[in-house]
Amino acid sequence: MRIVSFGFQTWGRKTLQALIDSEHEVVLAVTHPASEQSYKAIFSDSVEELAREHGIPVHLTERADAETIDLVKRAEPDVIVVNSWYTWMPAELYNLPAHGTLNLHDSLLPRFTGFSPVLWALISGASETGLTVHRMDEGLDTGDIIVQRSIPIGPTDTGTELVLRGMELIPDAINEALTALDQGTAVWRPQNRAERTYFHKRSDRDSRIDLTWSAQDLERFVRALSAPYPRAFSHYRGERIEVLSARVSEARYGGTPGRVIVQEGGGAVVTGVDAHRGGNHALVITRVRDADGVEHDGTAFFARGGYLTDQ
């Protein structure tokens with residue numbers, strides 16, 4: 001089959017590599033220009049570079065405009081394959097090939113539709129994440145499913161580890177989907193819209209530690225926001241700090257949420273609802289980075305006590 005690839009960042013590059021390695025022909029690669037903007041600069045391996053290395057025509061664009069649609073029409077694809085494309089695609093484009101357009105999404109749809117699905121899955125306490133290959137339609141990640149792969153979320157997994165593990169699912173998943181299309185054996189499973197959960201784009205505000213959360217929730221939060229993602233942050237003695245590692249306390253701590261006590265090998269932060277009743281575990285912060293970029297052991301850094309604050 002003739003394939004047009006739409007993709008960006010490492011997800012798009014790994015998808016293009018899988019298409020190149022397949023028995024099908026990639027006739028055009030469409031990608032965004034390189035960007036330093038927040039999450040676009042994370043896992044930013046170049047789709048353009050890989051396509052040019054293999055002599056595949058490349059079209060750089062921020063959106064699927066009239067020129068893009070015309071180029072795709074002239075490429076005469078049997079199917080379009082999309083992974084990590086940041087802007088809206090019109091029906092005129094995604095319905096153009098005989099087999100339509102396949103989109104790859106890093107979750108087990110219909111759950112975790114939207115943005116940063118792996119991070120949100122870990123933060124939310126989900127037991128698994130994965131990869132879905134589905135047909136693109138007028139909604140965001142709402143089309144019929146052709147292939148799904150799942151991976152468990154372990155008790156020590158970081159967001160970065162899960163993202164990388166999910167990327168490794170791409171070659172087999174996309175090859176299974178393409179084989180089914182090519183052989184006419186595809187079975188499409190409609191999504192149950194009532195089970196859909198949608199998560200918004202992440203911004204700086206979404207990395208701030210919320211002291212009303214339980215220690216268990218905050219420990220997952222810290223693990224989810226692992227390098228190279230923006231780290232979980234709070235403020236201590238008027239200075240913004242990043243929390244690099246933490247664990248749930250053995251003992252239970254009572255008092256005012258945000259109070260930091262040097263216990264259990266770090267700064268034990270009183271947190272959670274009804275903390276004054278003394279029934280909650282604390283978040284023991286074991287490693288922090290200060291505003292100057294210097295890393296510190298939690299015990300030494302919080303030796304003066306005090307509070308974590310929102311500002």
Side-chain angles (χ1 to χ4, degrees), residues 38-39 42 115-116 118-127 153-163 197 199-311:
S38 187
Y39 282 86
I42 297 174
F115 302 87
S116 301
V118 176
L119 302 191
W120 284 118
L122 177 51
I123 291 168
S124 74
S127 61
I153 298 177
T156 62
D157 285 335
T158 67
T160 303
E161 289 168 345
L162 290 170
V163 166
T197 59
F199 285 80
H200 58 77
K201 290 181 181 179
R202 295 188 59 80
S203 66
D204 184 67
R205 168 66 180 82
D206 301 305
S207 297
R208 191 185 77 190
I209 288 175
D210 186 336
L211 297 169
T212 67
W213 289 16
S214 70
Q216 292 85 350
D217 285 342
L218 289 175
E219 187 273 336
R220 286 196 306 270
F221 185 72
V222 171
R223 280 192 285 120
L225 302 184
S226 53
Y229 291 104
R231 308 306 289 263
F233 75 90
S234 189
H235 294 82
Y236 178 68
R237 295 184 176 272
E239 176 184 32
R240 176 166 166 152
I241 62 168
E242 295 179 337
V243 178
L244 305 183
S245 63
R247 64 174 182 270
V248 177
S249 68
E250 295 180 5
R252 298 176 188 270
Y253 292 77
T256 302
R259 179 67 159 139
V260 189
I261 311 147
V262 175
Q263 292 281 322
E264 302 190 32
V269 184
V270 178
T271 188
V273 177
D274 290 336
H276 63 284
R277 300 188 188 280
N280 300 344
H281 290 279
L283 181 73
V284 181
I285 299 175
T286 56
R287 197 76 182 166
V288 300
R289 180 185 292 129
D290 65 25
D292 294 323
V294 179
E295 294 189 16
H296 302 269
D297 171 78
T299 299
F301 188 78
F302 293 113
R304 293 182 292 166
Y307 294 83
L308 293 189
T309 60
D310 287 342
Q311 297 180 350

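Just the heavy atoms: all of them, side chains too, but no hydrogens, waters or symmetry mates, feed the values below.
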Quiz item: Can you find a heavy atom in the side chain of H235 that is under 4.5 Å from one in the side chain of D310?
Solution: no
Exercise. Measure the shortest side-chain to side-chain distance between N280 and T271 over non-hydrogen atoms and say whether it is less than 4.5 angstrom.
Key: no
Quiz item: Would you say D297's side chain and A300's backbone share a donor-acceptor pair under 3.5 angstrom?
Solution: yes
Quiz item: Does the S234 side chain pair with the main chain of T309, one donor and one acceptor, at a distance under 3.5 Å?
Solution: yes
Quiz item: When the ring planes of F301 and H296 are compared, do they come out parallel, tilted or perpendicular, using 30° and 60° as the limits?
Solution: tilted
Self-check item: Over all atoms of both residues, closest heavy-atom pair of Y253 and A282
Solution: CD1-CB, 3.5 Å
Quiz item: Considering all heavy atoms of both residues, which atom of V248 and which atom of A215 are nearest to each other, and what is their separation?
Solution: CG2-O, 3.8 Å
Quiz item: Roughly how far, to the nearest 0.5 Å, is OG of S226 from CG of D157?
Solution: 10.0 Å
Practice problem: Evaluate the side-chain proximity of R247 to E264: yes if any heavy-atom separation is below 4.5 Å, no if none is. | Solution: yes
Quiz item: So, for P257 and G272, which heavy atoms are closest and what is the spacing to 0.1 Å?
Solution: CG-O, 4.0 Å
Exercise. Indicate yes or no: at least one non-hydrogen side-chain atom of F302 is less than 4.5 angstrom from one of I241.
Key: yes
Quiz prompt | Partner of P230 by side-chain contact (heavy atoms from CB on, under 4.5 Å), out of I42, L225, D206 | solution = I42
Exercise. Using side-chain contact (heavy atoms from CB on, under 4.5 Å) as the criterion, point out the one residue from T286, V262, V284 that pairs with T299.
Key: V262
Quiz item: Do any N or O atoms from the side chain of S249 and from the backbone of H281 form a donor-acceptor pair under 3.5 angstrom?
Solution: no
Quiz item: Looking at T160 and P228, what are the two nearest heavy atoms and their distance?
Solution: OG1-CD, 3.8 Å
Quiz item: Is there side-chain contact between R202 and Y229, with heavy atoms separated by less than 4.5 Å?
Solution: no
Quiz item: Can you find a heavy atom in the side chain of V294 that is under 4.5 Å from one in the side chain of R289?
Solution: no
Practice problem: Rounded to the nearest 0.5 Å, what's the gap from CD1 on I153 to OG1 on T158? Could you check? | Solution: 11.0 Å
Quiz prompt | S203 and its side-chain contact (heavy atoms from CB on, under 4.5 Å) partner, picked from R205, K201, H200 | solution = R205
Quiz item: Do R220 and W213 meet the cation-pi criteria used here (NZ or CZ under 6.0 Å from the six-membered ring centre, within 45° of the axis)?
Solution: no
Practice problem: Answer yes or no on whether R259 is positioned over the face of Y307, meaning its NZ or CZ is under 6.0 Å from the six-membered ring centre and within 45° of the axis. | Solution: yes
Quiz prompt | E295 atom CD, neighbour heavy-atom count above 12 within 6.0 Å | solution = yes
Quiz item: Got a donor-acceptor contact below 3.5 angstrom from the R240 side chain to the A291 backbone?
Solution: no
Exercise. Using a 4.5 Å cut-off on heavy atoms from C-beta on, say whether the side chain of L308 contacts that of I285.
Key: yes
Quiz prompt | Heavy atoms from other residues, nucleotides or ligands near CD of E239 exceed 12 (cutoff 6.0 Å) | solution = yes
Quiz prompt | From CA spacing to verdict: side-chain contact (heavy atoms from CB on, under 4.5 Å), F199, L119 | solution = CA-CA 10 Å; F199 285 80; L119 302 191; over 6 Å; no
Quiz prompt | R252 side-chain N/O to G279 backbone N/O, donor-acceptor pair under 3.5 Å | solution = yes
Quiz item: Under a 4.5 Å cut-off applied to non-hydrogen side-chain atoms, are D210 and D217 in contact?
Solution: no
Practice problem: Verify side-chain contact (heavy atoms from CB on, under 4.5 Å) between L283 and E219, making sure each step is shown before the conclusion. | Solution: CA-CA 7 Å; L283 181 73; E219 187 273 336; 4.1 Å; yes
